[in-house]
Engineer: 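My questions will all concern the structure given below.
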Amino acid sequence: DIGHKEVAAFSEFGRQEIGSAEDGVFEAQKKAEKIKSGANEYADQILANLQLTIAKMQKNLAKMDQNLELNGIRLVVVLA
């Protein structure tokens, strides 16, 4: 036969376990938020690097285009 003291002890044990589980969930949520924040920062850095790379490529393409135009004009002048 289980007495009132045993029932109270089991109830207290259950409350402690639930509290511990809730603490674990809260900690996991905090870790998940940190991971999410870190991932967003990393994605922002990647995007910034891609934008810089594209800007440099556009600048280089514009220079190449100018060089080709200049070379084309020179070829026409030389052949003429």
Engineer: K30: what forms a side-chain contact (heavy atoms from CB on, under 4.5 Å) with it, not counting sequence neighbours?
Structural biologist: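 By the side-chain contact (heavy atoms from CB on, under 4.5 Å) rule, K30 matches F26, E27.
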Engineer: Going by side-chain contact (heavy atoms from CB on, under 4.5 Å), name the residues that satisfy it together with S37, two or more places apart in sequence or in a different chain.
Structural biologist: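 Residues passing side-chain contact (heavy atoms from CB on, under 4.5 Å) with S37: E41.
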Engineer: Are the side chain of T53 and the backbone of N49 linked by a donor-acceptor contact shorter than 3.5 Å?
Structural biologist: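 Confirmed, T53 side chain pairs with N49 backbone.
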Engineer: Working to the nearest 0.5 angstrom, can you tell me the gap between L50 CG and M57 CE?
Structural biologist: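 That separation rounds to 10.5 Å.
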Engineer: Roughly how far apart are N60 CG and N67 CG, rounded to 0.5 Å?
Structural biologist: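 It is 10.5 Å, given to the nearest 0.5 Å.
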Engineer: How many angstroms lie between atom CE of M64 and atom NZ of K59, to the nearest 0.5 angstrom?
Structural biologist: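 Here the rounded value is 15.0 Å.
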